[in-house]
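One structure is given below, encoded as structure tokens.
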Amino acid sequence: MFRFLALMIVTAFTISACAVTTTSSGIYEGNAESGAIAAFDSGAIRLRQLDTVNALRLENGLPELQLSAELNASADTHARDMAAQQRAWDFGSDGSSPQSRAERAGFTGIVTGENVAETFKGEFFVLQAWLENPLSRAAILDPDATHLGFGWYQEPNGKLWWVQVMAKAEAPMVTALSE
């Protein structure tokens, strides 16, 4: 409980420190002054996403997720592909599904959900949008999920494409030793 409270306080300070602007239509632009996300540590961004998701899962009585390098790679690749397609959706330009992309990246298990988005200027803004959507929220809070992948691609003009993948890893095979 203390870890959750501490994480929420840090998150609140982090978000409040961002210069949030809105367009005339009221759409959040996030921290318009932050520039290229590549200038920030991608590992730290992924860990902040994982910590925030896990705090929410713990609050809802669910087990924590583990970060998966394979799912991160799958998410990064799909984010780049969405940018090439110029639409945020779950299908790859080659017809791939979230499951086939995860397998291609080396993940062994079942994809339980994938969330995609475009244009949000930071990982907290996109997570907030996903949590406000009932289907995206259900994917994040899927009790069967054991692993998380998080990736993005930023176009030269600054537009961001985000992908979050939840999956259940296969249990390792245990073989009994015969005497």
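Given the structure is predicted, the values throughout are model-derived calculations rather than measurements. If you read the sequence from its start, that first residue is 1, and numbering goes on from there.
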Please report the interatomic distance [atom1]([X]) to [atom2]([Y]), rounded to the nearest 0.5 Å.
X    : Y    : atom1 : atom2 : result
M82  : T77  : CE    : OG1   : 11.5 Å
L50  : I45  : CG    : CD1   : 14.0 Å
R46  : N72  : CZ    : CG    : 4.0 Å
I110 : E103 : CD1   : CD    : 7.0 Å
Q128 : N133 : CD    : CG    : 13.0 Å
L47  : L67  : CG    : CG    : 6.0 Å

Just so I know, are the side chains of [X] and [Y] near enough to count as touching, which here means a heavy-atom distance under 4.5 Å?
X    : Y    : answer
Q164 : I140 : yes
N115 : V163 : no
K159 : Q154 : no
Q66  : L148 : no
L127 : V53  : yes
H147 : L65  : no
W161 : E155 : yes

For the residue pair [X] and [Y], what are the closest heavy atoms and their distance?
X    : Y    : answer
L71  : A102 : CD2-CB, 3.8 Å
V126 : E123 : CG1-O, 3.3 Å
A75  : G151 : CB-N, 3.4 Å
D90  : P98  : O-CD, 3.6 Å
A73  : A105 : CB-CB, 4.4 Å

Verify ring-ring contact (aromatic ring centres under 6.0 Å, His included) between W162 and Y153, making sure each step is shown before the conclusion. CA-CA 7 Å; W162 300 95; Y153 174 73; over 10 Å; no
Taken in chain and number order and not counting sequence neighbours, the residues that satisfy salt bridge (charged side-chain N to carboxylate O under 4.0 Å, His left out) with K168 are none
Counting N and O atoms only, with roles assigned by atom type, does the side chain of [X] sit under 3.5 Å from a partner on the main chain of [Y], one being a donor and the other an acceptor?
X    : Y    : answer
S100 : S97  : yes
S68  : G149 : no
H78  : W89  : yes
D142 : A138 : no
R104 : S96  : no
T112 : M166 : yes
W130 : V116 : yes
D41  : G43  : yes
D76  : W152 : yes
S74  : E70  : no

Is there a path of hydrophobic side-chain contacts, each under 4.5 Å between heavy atoms of I/L/V/M/F/W/Y residues, joining F150 to F107? no
Side chains of E114 and Q99, donor plus acceptor under 3.5 Å: no
If you count heavy atoms of other groups shown closer than 6.0 angstrom to CZ of R80, is the number above 12? no
